[in-house]
Amino acid sequence: MPTAAIHHDPERRLWLLSTAASSYVLHVDDRDRLHCRHWGVRLTPEQAASLLDRPATDDRPPTDVRPATDLCPPADAWPFEDGSELPLDLAPAAAFRFGHAQLAVRFADGTRELELRHRGHEIRQRPDGVELVLAFADRHYPLAVDAHYRLRDDSAVIDRHLVLRHTGEAGDTGGAGEAVTVVRADSATWPLPPLADYRLTQVRGRWAAETRLHRTALPFGETVLTSRRGHTGHDANPWAMVDDGTANEEHGEVFGCALAWSGSWTLTVERTTADRAALSAGFGHAPLTWQLGPGERLTTPVSSGAWTDGGFGAAARQFHDHLLRFVLPHPEELRPVLYNSWEATGFEVSVAGQLELAKRAADLGVELFVMDDGWFGTGRSARTGDHAGLGDWDPNPDRFPDGLAPLVDGVRALGLQFGLWVEPEMVSPESELYRAHPDWVLHQPHRVRSEHRNQLVLNVAREDVAEWMLDRLDQLVSEHGIDFLKWDMNRPFTEVGPGDGDLLWRDYVTNLYGVLDRLRARHPQLRIESCSGGGGRVDPGILARVDQVWTSDNTDARHRLAIQDGYAQLYPARAMAAWVTDSPNPLTGRRVPLDFRFHVAMAGVLGIGGDLAEWSADDLSRARALVAAYKQVRPLVQHGSRHRLRPAGDDFSAVQFLAPDGSATAVLAYRTSRGFAAAERPLALRGLDPAARYRDLAADRVHHGAVLLSQGLVPVLGPDDYASALVHLVREP
Ligand code: GLA
């Protein structure tokens with residue numbers, strides 16, 4: 001039975017969009033403005049229609065003004081107020097719109113105000129749901145705007161985007177044949193209902209400290225989350241959630257939206273002085289402008305939004321479910337346990353050294369071996385450090401005299417898949433590629449070409465560069481039937497040019513997506529990990545084209561708890577790569593026991609990145625058991641639902657994964673340090689059947705669902721700091 005439905009009430013110009021548990025009600029008023037009249041619990045058509053019978057408080061001046069007198073004008077003439085502060089669902093730059101404009105253009109004659117008229121709608125049945133297209137067009141100028149709303153059965157998420165169309169033709173007179181300048185085109189504005197208060201949830205970060213959850217009261221005015229870096233960024237991520245300040249993990253209304261775009265982006269969270277709020281998400285950043293020529297169209301990326309009254313836990317699960325089922329490629333797959341050589345060998349790679357690591361990894365139960373940086377470049381451009389070689393994607397003949405085949409074959413002979421690190425969008429000035437094509441990089445005339453990590457950014461917006469990139473990767477993957485690429489991107493844009501630098505910001509990402517899509521189509525076996533100096537490129541746009549993301553270059557298990565916690569507020573564990581590395585940690589020097597390091601990495605796609613040649617026999621044997629334990633719970637972690645039992649900020653934190661059919665659950669509990677005389681509180685589990693019994697196979701104990709849900713589970717943790725446990729419970733038949 002389809003749960004996604006759209007009901008149209010033509011008389012009221014009302015559309016009721018319903019997901020399984022929520023409704024979104026759209027209304028075109030008598031001035032052709034598009035409003036969101038409701039975003040929340042599921043309504044019937046009759047209930048939705050009644051929304052318009054309520055007094056329209058929003059369009060009026062404050063209610064505490066006196067009746068009209070000589071000094072106090074009537075409501076419809078309230079000076080300086082016109083209901084203009086009420087966030088609209090399609091928010092154009094237009095007369096009396098003084099807030100954030102989702103859509104702003106400049107016509108050839110200088111006109112900037114939009115006068116949009118509603119031109120009709122279309123409801124399209126889709127195999128997995130239904131889509132509404134609301135059509136608008138400027139009253140005079142050649143611009144049409146279609147607002148798309150896509151709903152899927154059994155999903156709480158609404159996907160929205162805009163299509164702008166220049167409806168003129170070249171040669172048309174009266175300005176209709178001239179380009180329209182697009183100043184802003186956010187994919188969606190999500191107006192929130194009036195809440196008692198507004199609190200913003202976002203992630204903030206930096207290199208090696210990505211995705212840390214941050215909650216703060218929403219200030220009045222416009223709060224702008226953005227990346228002006230060319231990639232998604234470490235410091236912010238294109239999603240935001242708003243609640244009234246009282247929601248917690250389990251309860252309360254949460255409104256969230258995300259943007260599927262991997263270049264520069266802007267997410268504006270607005271709180272008006274009339275105390276209404278809206279989220280608006282779009283690609284690009286101020287002051288970029290884009291020309292829309294006659295006959296051309298501009299399709300924005302998708303902004304996904306979801307409402308829940310089940311708190312931040314439910315909000316996260318709604319987005320996980322959506323990303324797993326409708327965005328990530330191969331949703332049904334389990335990601336393999338991988339080994340990556342970076343922290344073990346750095347740039348010092350050799351056939352013998354890598355094979356030795358692969359042997360040890362295979363012995364632990366690893367399934368995919370990935371050789372990281374340092375394998376390519378020739379002569380003075382050899383990649384023996386970060387000073388050279390990017391762009392020259394041929395194996396370094398000093399290190400691989402017979403090419404990659406001996407290593408690839410050796411790895412395969414161990415029963416492992418083979419993966420390779422690449423950074424295709426970059427070039428080292430010290431490289432054959434740069435010597436041959438100095439004009440292929442982002443640059444501006446008379447400006448220095450700023451290097452970062454000794455590298456420059458290839459202008460992927462150029463078709464020839466994109467084609468070169470595709471061909472080069474195609475060859476590399478074909479030659480060895482490579483199973484996996486770790487696709488890195490290690491610096492932000494600077495000196496964006498030449499030519500129309502504004503357009504370049506957008507075309508770069510479009511071409512990057514095109515290369516990824518075409519490469520995948522040519523190599524159906526290929527799986528890709530997105531990496532950008534760790535977690536600098538995770539967003540729903542890249543997730544449609546990669547299989548997992550390298551979460552952070554920081555592999556310190558303690559820091560990882562917080563990084564993973566924030567990552568998981570939007571992104572699923574199935575896409576979160578996590579390695580167990582050495583102790584002391586190479587980045588932070590912290591010593592953490594092996595079990596704790598494993599248990600932290602087990603909350604995502606488990607990998608190992610330590611120098612296995614240095615691990616003791618005891619550690620190797622314990623690691624083997626922990627990899628086996630991970631494989632037991634892997635379907636729960638990667639395909640189940642995630643419940644944050646205790647947040648990562650505390651000394652004691654825990655996360656639970658539950659099988660979609662409720663047949664098993666896994667709890668990972670972490671205690672970083674023991675409080676003074678602190679007793680551990682049990683962990684009340686979620687989502688179990690109270691009437692069922694659950695067996696802890698490792699401890700050979702049976703628990704009752706009702707007891708686990710109420711009294712909770714008491715994980716057995718050792719006496720020291722950095723104690724952790726994995727408890728795997730299987731429902732008794
Ligand atoms: C980036 C990545 C690392 C590693 C190095 C190699 O920093 O995030 O994991 O691949 O590049 O140079």
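When a ligand or atom number is given, it counts from 1 through the structure's own listing order. The analysis underlying the following values was restricted to heavy atoms, covering all of them including side chains, and did not include hydrogens, waters or symmetry mates.
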Pick from Asp553, Asp488, Asn340: the one approaching atom 11 (O) of ligand 1 most closely through a non-hydrogen atom: Asp488
Taking only heavy atoms of [X], which atoms of ligand 1 are found under 4.0 Å from at least one of them?
| X | value |
| --- | --- |
| Cys531 | 2 (C), 8 (O) |
| Asp373 | 6 (C), 12 (O) |
| Arg453 | 6 (C), 11 (O), 12 (O) |
| Lys486 | 3 (C), 4 (C), 9 (O), 10 (O) |

Rounded to the nearest 0.5 angstrom, the CZ-CG distance for Phe369 and Leu338 is 10.5 Å
Could you tell me whether the side chains of Arg644 and Gln569 share a donor-acceptor contact shorter than 3.5 Å? yes
Side-chain donor-acceptor contact under 3.5 Å, Asp582 with Trp615: yes
Going by distance only, is there an N or O of [X] that falls short of 3.5 Å from an N or O of ligand 1?
| X | result |
| --- | --- |
| Asn490 | yes |
| Gly534 | yes |
| Trp421 | yes |

Of all the non-hydrogen atoms in the protein, which one sits nearest to atom 10 (O) of ligand 1, and at what distance? Asp372 OD1, 2.6 Å
Flag if over 12 foreign heavy atoms under 6.0 Å of CZ, Arg624: yes
Does a sphere of radius 6.0 Å around CZ in Arg472 hold more than 12 heavy atoms from other residues, nucleotides or ligands, not counting ones at 6.0 Å or beyond? yes
May I ask you to say whether Asp464 pairs ionically with Arg462, meaning some side-chain N is under 4.0 Å from a carboxylate O? yes
Between the side chains of Arg449 and Glu451, is the shortest nitrogen-to-carboxylate-oxygen separation below 4.0 Å, so that they form an ion pair? no
